[in-house]
Enquirer: 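Here it is, the structure, as structure tokens.
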Amino acid sequence: MKAIRVALPLALEPLSYLPPLGEGPRLGARVVVPFRKEVRVGLVVGEEETPHGHALRHAIGYLDEGPFLDPLGVERLLAAARFLFAPLGQVVADFLPFIEAPLCHRVRLVPGARPEALEAPLLEKLRDWTPAEALAPELLDALREGGVLEERVAEALPRRPRLLPVRPPDAGIGPKAAEALRVLWQLGEAESQADLARRAGTGSGVVRTLIERGYVRVEEVPAVPELPEPHPRRLAPLPPPEPPSRIQGGRFRERLAALKGLMQQGPLLVLFPEGSMIERAWPYLPEALPFYGKLPALLRRRLWQTRGKSVLGSAQALFFPGPFFRVVVAEAASDAHKLASGTRAFLPALVEALGMEPLYLEAAPSAHALYFAEGRGRPLFFAPPRVRGQAVPKAKSRGLLAGRTRALVQQALERGRQVLVLAARKGYASRLHCASCGYQPECPNCALPLRYYKEKRGGELVCHQCGHRQPAPPVCPRCQSELIEAKGPGLDWLAESLRRSFPETPVGRLSGGLEDLPEPLRQGAPGILVATTRVLRKNPLKNLALIALPWVEGFLPESDFHAPERFFAMLWQLRDLVPGKNPYFVLEAYHPDHPAIEGFLKGDLLGFPESELAMRKALSYPPFSRMVKLEVSHREESTAREAAGRLFEALAARAQEGELLGPAPAPIPRIKGRYLWHLIVKSEDPERLFELLKDLPPPRPARLKLDPDPVGFTGLLD
DNA sequence: AGCACGCCGACT
DNA sequence: GTCGGCGTGCTC
């Protein structure tokens, strides 16, 4: 007898079940299984021979006739779990959360069964098919284990009521009801009582009367969500002479035109870092399907059945059943490709590891694309758009904005144009600092300076890591000095300063979670918008003339070796923010000769990414090697340190020179009350990494977390 | 992951 | 004496 291996969307390896009664294995199908006294939806990822170490339970039923995930998809799922050092279920939870559906689950007793645990009324009821919700889960499970239960499952479709007219108006009803009924006859149907009442301009009581007296019938119909209509925009396809290895440079529309040309040769799977980019691209490519987390899960399951169309998707589309002509990774330098949930991977690296040989589509080349696309065909390279701007050296002692910057802002406003000031931080300031004794308020749970929000209730300190809040002290709590001051200008501080400098001008603010946009700014009137990088997703400025970055280093934290190329890519995306506008840039930096700044201002797209790649080669950083970060954490500092030490010993016994780095306290040594220590395992050969990390002893009592594509770790390397 | 179990310290 | 925090083990 065959058993099936079922991956549930939980951080677990697949579990074994017997196939549903009377069925065989169906690889790739969704299956409903009993799991801890309840039922869950999983994915069949393999089969095996029984007997097994312990008694297996039967799966309850399949949700799909054919495979939900094709055999290639299943194979890639397994490969992904291996690449990510994650349990297979974790990968299912992260990439395929929409396999879980509301269920229509009915049960009845096997004819003739008379289990003693059941009281007479229930026994009687269960002779016929009964909704499973009518029984307590424990009881259901006991009956299931007793072998006296038959079960049927199917995906439940949400239903909505539909109102249909039955009889024409007659003398039996009043004038208002007659009018409402006439409206319904005219419409043919209505969505609900309230809907009909609204359309007929009556109260809903009138409608209820119509139903009660049998003039109107209510029935339930399946409510199927539909894709909203795109508002198509004209875009002439640009057929590339041959499928290129990367499409870079130029304007957003030029890159999309090349994509459209490719789409005419065959369906593409395009993986974007964020939903907002999908929403921006779709109108130009309405022949493709969008597929991302914002769409209802039911709609995603329906779209999943589509074949032969191009897909504009997020990471959730990674396993979309093909075949596709090409797979495309958009904006590989974006940190939004870093998956936030359990698996924590960098999507472009995963796509490469799965052997999908993607085509890269980027405003500015990323080191990653330069490395991986090498030798796969000629790049399609658009001329970079012309860049205007200057770098301004930032003096430590000076104010928030250089005089130069203020003068340029003034000029732009005088010409009736709009200004974007890009803030590196949200809130008022990155920290408070006592000029007298050097004290800085830190989060009590995390080893991090608290962010300062000035506007909130007379000043508030907030931890961006754990959410801790406390009032801001008016004087230094350590030395009582009044010299406690803000450092590291954030969005609110910049806005405050600009409002003082330009009192007549509307100043708006935009960040994740804050949208304060004066109406004139929306209308295109002269004004200033202070924004975080959020503006790349949603830009309200139509009349943009100047982009100022008053603190470039705020975008370049040293612990993150991806930061410079991300910053470089961001500059090019800012350059392309408003179609048809060529804004002037002022870049204020302590190091205005930073190669990313110089390359950008010279209009050189390739030089900086190439130098980044050379630097990574010299340091043997990714993509020239693979690194896995091991994070050991515990509430007690010494316990965490000792556990990290033991883990190091265990690894050192296997590792060779240069393969193991650490242990070192994490760049943020304490988060949410837990002390964190990092180790890095590094190798040019992914198989070697797998060997090193196989069957690691758990560092009890500390917790271990693996990050398959670490970003911040420099502290370990010096 | 989520849940039960068992251990130890803190209090009505 | 019991409540509840946390560490540990298990899920077919």
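Just so it is clear, the model here is predicted, and its values are computed rather than measured. Every chain is numbered from 1, with letters handed out A, B, ... down the list of sequences.
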Enquirer: If you take any heavy atom closer than 4.0 Å to DNA chain C, which residues from residues 639-651 of chain A end up in contact?
Expert: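 The stretch gives none, as no residue of it lies under 4.0 Å from the strand.
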Enquirer: Mind calculating the distance between OH (A:Y17) and P (C:dT11) to the nearest angstrom?
Expert: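 These atoms are roughly 10 Å apart.
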Enquirer: Ring pair (Phe, Tyr, Trp, His ring centres under 6.0 Å) with A:F291: which residues, sequence neighbours excluded?
Expert: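 Here the qualifying residues are A:F98, A:W304, A:F320.
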Enquirer: Given atom CZ of A:R144 and atom P of C:dT11, what is their separation to the nearest angstrom?
Expert: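 Atom CZ in A:R144 sits about 17 Å away from atom P in C:dT11.
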Enquirer: Taking only residues two or more places apart in sequence or in another chain, which ones pass salt bridge (charged side-chain N to carboxylate O under 4.0 Å, His left out) with A:R40?
Expert: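 Checked A:R40 against salt bridge (charged side-chain N to carboxylate O under 4.0 Å, His left out); matches are A:E100.
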Enquirer: For A:F324, check ring pair (Phe, Tyr, Trp, His ring centres under 6.0 Å) against everything at least two apart and list the hits.
Expert: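 With sequence neighbours excluded, A:F324 shows a ring pair (Phe, Tyr, Trp, His ring centres under 6.0 Å) to no residue whatsoever.
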Enquirer: What is the nucleic acid contact for A:H58, judged by heavy atoms within less than 4.0 Å: base, sugar-phosphate only, or nothing?
Expert: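 Answer is nothing: A:H58 stays at 4.0 Å or more from every strand.
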Enquirer: From the options C:dC12, C:dG7, B:dA1, select the nucleotide whose nearest atom is closest to the side chain of A:R57.
Expert: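 It is C:dC12.
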Enquirer: Report all interatomic pairs (protein N or O, nucleotide N or O of nucleotides 2-8 of chain B) with separations under 3.5 Å.
Expert:
unit_1	atom_1	unit_2	atom_2	d
B:dG2	N2	A:R36	NH2	2.1

Enquirer: A:F272: which residues meet the ring pair (Phe, Tyr, Trp, His ring centres under 6.0 Å) condition with it, sequence neighbours left out?
Expert: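 With neighbours one apart ignored, the set is empty.
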Enquirer: Whole angstrom is fine here: how far is it from CG in A:L704 over to P in C:dT8?
Expert: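 Going from CG in A:L704 over to P in C:dT8 covers 14 Å.
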Enquirer: Tell me every residue that passes side-chain hydrogen bond (donor to acceptor under 3.5 Å, both in side chains) with A:K294, counting only those two or more places apart in sequence or in another chain.
Expert: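 With neighbours one apart ignored, the set is A:E279.
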Enquirer: With A:R127, which residues qualify under salt bridge (charged side-chain N to carboxylate O under 4.0 Å, His left out), at least two apart?
Expert: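 Expected list: A:E124.
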Enquirer: So A:P34, base contact, sugar-phosphate only, or nothing? Heavy-atom distance under 4.0 Å.
Expert: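 The residue A:P34 makes sugar-phosphate contact but no base contact.
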Enquirer: Give the rounded distance in Å between these two atoms: CG of A:L8 and P of C:dT11.
Expert: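 Between P of C:dT11 and CG of A:L8: 13 Å.
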Enquirer: Find the distance A:K37:NZ to C:dT11:P and express it as a whole number of Å.
Expert: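 Between P of C:dT11 and NZ of A:K37: 12 Å.
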Enquirer: Kindly state each residue pair satisfying ring pair (Phe, Tyr, Trp, His ring centres under 6.0 Å) with at least one member in residues 327-351 of chain A, sequence neighbours excluded.
Expert: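 Only A:F346-A:H368, A:F346-A:H562 qualify under ring pair (Phe, Tyr, Trp, His ring centres under 6.0 Å).
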Enquirer: So A:R344 and A:L339, do their side chains get closer than 4.5 Å, heavy atoms only?
Expert: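 The answer is no; the side chains never approach within 4.5 Å.
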Enquirer: Measure the distance from CG on A:L18 to P on C:dC12 and round it to the nearest whole Å.
Expert: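 Distance, rounded to whole Å: 13 Å.
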Enquirer: Tell me the interatomic distance from A:D141, atom CG, to C:dC12, atom C1', rounded to whole angstroms.
Expert: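 Going from CG in A:D141 over to C1' in C:dC12 covers 12 Å.
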Enquirer: Please give, in whole Å, the distance from B:dA1 P to A:E13 CD?
Expert: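 After rounding, the gap between these two atoms is 13 Å.
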Enquirer: For the pair A:E460 and A:R469, find out whether any cationic side-chain nitrogen is under 4.0 Å from an anionic carboxylate oxygen.
Expert: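 Salt bridge flag = yes for A:R469 with A:E460.
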Enquirer: Considering every strand and a 4.0 Å limit on heavy-atom distances, what is the contact class for A:F35: base, sugar-phosphate, or nothing?
Expert: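 It contacts base atoms.
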Enquirer: Specify the residues of residues 85-110 of chain A, ordered by number, for which at least one heavy atom lies under 4.0 angstrom from an atom of DNA chain C.
Expert: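 Within this stretch, nothing sits under 4.0 Å of the strand.
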Enquirer: Can you name the residues that form a ring pair (Phe, Tyr, Trp, His ring centres under 6.0 Å) with A:Y292, not counting sequence neighbours?
Expert: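 Residues passing ring pair (Phe, Tyr, Trp, His ring centres under 6.0 Å) with A:Y292: none at all.
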Enquirer: Can you run down the side chain to side chain donor-acceptor pair (under 3.5 Å) pairs that involve residues 70-80 of chain A, sequence neighbours left out, and say none if there aren't any?
Expert: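 Those involving residues 70-80 of chain A do not exist here.
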Enquirer: If the threshold is 4.0 Å, N to carboxylate O, is there a salt bridge linking A:E691 and A:R654?
Expert: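 Result for this pair is no, no salt bridge flagged.
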